[in-house]
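These notes are about the structure you will find just below.
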There are 2 protein chains.
Amino acid sequence: MVEPLDPEMFDPVCPSSAMPIQIGDKWTAMVVICLEGGPRRFTELRVPLRGITPKVLTQTLRAMERDGLVTRTAYDENPPRVEYELTTLGRSLLTLIDAARSWSRDHLPTLLEARRAHESTPRPALLQRPAP
Amino acid sequence: MVEPLDPEMFDPVCPSSAMPIQIGDKWTAMVVICLEGGPRRFTELRVPLRGITPKVLTQTLRAMERDGLVTRTAYDENPPRVEYELTTLGRSLLTLIDAARSWSRDHLPTLLEARRAHESTPRPALLQRPAP
DNA sequence: GATACTGGTTACCTCAACGATACCGGGATA
DNA sequence: TATCCCGGTATCGTTGAGGTAACCAGTATC
């Protein structure tokens, strides 16, 4: 048996939402990370992706399937069982995701600090002219 | 004098729009690339970014300035002159952009082929059951 | 019969990004 | 007087990603 996914895997309040890098659509990178350890079921994916609605998860998975990032396997049992698994192509995104994570670890605090500093200082006149 | 930017630098019909990686907003990565060689003026940036409207370019640059990716320097001459330049933080995005470009070079054709193949094959029933 | 489980679907709505178009202010130049 | 240049603004409209809420089919179990 595979280990269950950690429900705290992704923090909804994490500043990564400010990260200037995005892989695929909003949830794509998180799905890839969830599938890194092996195939997962639909309901299983919903746990760490707190807040995702079934509609949006379906959309995300269908788009990823269309692009050859995941495969979908349905087992005719009941209750029904469907498993999603990364393809080689999908797995190739992991290096990119790692690069994005490294960038964030190294530079996101700087960006957030710049943003914070900017918010608290009113924008100066576009052209600084000598006072009359 | 710095070399002018190549008007053909970015192809509007380039499949990179299908690229599952995005840096910042739609134009951010292109602006970073334009600024790689040194400071550029507003009007100068509009050339390779064919089709960008001044409003959107302003929005993009303001957001980048807020996040500490570029600096804006206005010279009180006329006609007015304003120069945008990458900060160290902005420059740090270049490695990420290169990683994204490498991924695209290596894998985007595969993705596009998967997509093309998928479009031409109707989605099978979600659960394959034996025919009655 | 009622209820639960899985893996969805459907209709509707909201909001932000993006784009099209027009206009502006100040100085230099003709 | 008129026109051009530069670096923008102002206003409006479109589009699509994403979210909310409700519903569904088939089977099993109570």
Side-chain angles (χ1 to χ4, degrees), chain A residues 4 10 12 17-18 20 22-31 34 39-47 49-67 70-85 123-130 132, chain B residues 4 10 12 17-18 20 22-31 34 39-47 49-67 70-85 123-130 132:
Chain A
F10 304 111
S17 56
Q22 203 185 332
I23 312 284
D25 283 336
K26 180 173 178 185
W27 302 93
T28 305
M30 288 184 257
V31 170
C34 287
R40 296 288 182 179
R41 305 178 57 171
F42 189 88
T43 316
E44 209 172 354
L45 288 172
R46 295 186 64 181
V47 177
L49 272 32
R50 280 167 295 176
I52 197 172
T53 60
K55 177 199 140 193
V56 175
L57 181 53
T58 302
Q59 278 178 0
T60 305
L61 290 169
R62 292 280 191 278
M64 293 176 72
E65 196 190 356
R66 179 203 55 183
D67 287 348
V70 298
T71 56
R72 176 183 186 279
T73 313
Y75 299 92
D76 192 1
E77 309 170 349
N78 61 40
R81 184 164 61 101
V82 177
E83 283 191 343
Y84 294 93
E85 184 167 17
R123 151 164 282 271
L126 292 189
L127 276 181
Q128 284 80 11
R129 302 181 184 284
Chain B
F10 303 111
S17 56
Q22 202 186 334
I23 313 284
D25 283 336
K26 181 174 178 184
W27 301 94
T28 306
M30 289 184 255
V31 170
C34 288
R40 297 287 183 180
R41 304 176 58 170
F42 188 88
T43 316
E44 209 173 353
L45 289 172
R46 296 185 64 181
V47 177
L49 272 32
R50 278 168 296 178
I52 196 172
T53 61
K55 178 196 142 195
V56 175
L57 181 53
T58 301
Q59 277 178 359
T60 305
L61 290 169
R62 292 280 190 279
M64 294 177 72
E65 197 191 355
R66 179 202 55 183
D67 287 349
V70 298
T71 55
R72 177 184 186 279
T73 312
Y75 298 92
D76 190 1
E77 310 167 350
N78 65 38
R81 184 162 62 99
V82 176
E83 283 190 345
Y84 292 93
E85 185 168 16
R123 151 165 283 273
L126 292 189
L127 276 181
Q128 284 81 10
R129 303 180 182 285

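Side chains included, hydrogens not; waters and symmetry mates left out as well; all remaining heavy atoms used. This one's a predicted model, so the numbers in the text were calculated from it and none came from an experiment. Below, chains carry the letters A, B, ... as their sequence lines are ordered, and counting in each starts from 1.
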message: Using the side-chain heavy atoms of A/Phe42, tell me which of these nucleotides is nearest: D/dC6, C/dG7, D/dA21.
response: C/dG7
- prompt: Which nucleotide in the list D/dG18, D/dT27, C/dA28 gets nearest to the side chain of A/Asp25?
  reply: D/dG18
message: Between P on C/dT21 and CG on B/Leu57, what's the gap in Å once rounded to a whole number?
response: 18 Å
query: Roughly how many Å is it from CD in B/Glu65 to P in D/dG7, rounded to a whole number?
result: 15 Å
- prompt: What nucleotide among D/dG19, D/dC6, C/dT6 has an atom nearest to a side-chain atom of A/Lys55?
  reply: D/dG19
Rounded distance (Å) that lies between atom C1' of D/dT27 and atom CD of A/Glu77: 13 Å
query: Of all residues at least two apart in sequence or in a different chain, which pass the salt bridge (Lys or Arg N to Asp or Glu O under 4.0 Å) check with B/Asp67?
result: A/Arg115
Protein-nucleotide distance (A/Arg62, atom CZ; C/dG7, atom P), rounded to Å: 12 Å
message: Once you apply a heavy-atom cut-off of 4.0 Å, does A/Thr53 come out as touching a base, just sugar-phosphate, or nothing?
response: base
- request: Take atom CZ of A/Arg72 and atom P of C/dG8, then tell me their distance rounded to the nearest Å.
  value: 4 Å
message: Under 4.0 Å from OP1 or OP2 of C/dG7: is there any side-chain N or O of A/Tyr75 that close?
response: no
- request: Using atom CD of B/Gln22 as one end and atom P of C/dC18 as the other, report the distance to the nearest whole Å.
  value: 7 Å
task: Could I get the full list of side chain to side chain donor-acceptor pair (under 3.5 Å) partners for A/Gln22, not counting sequence neighbours?
output: none
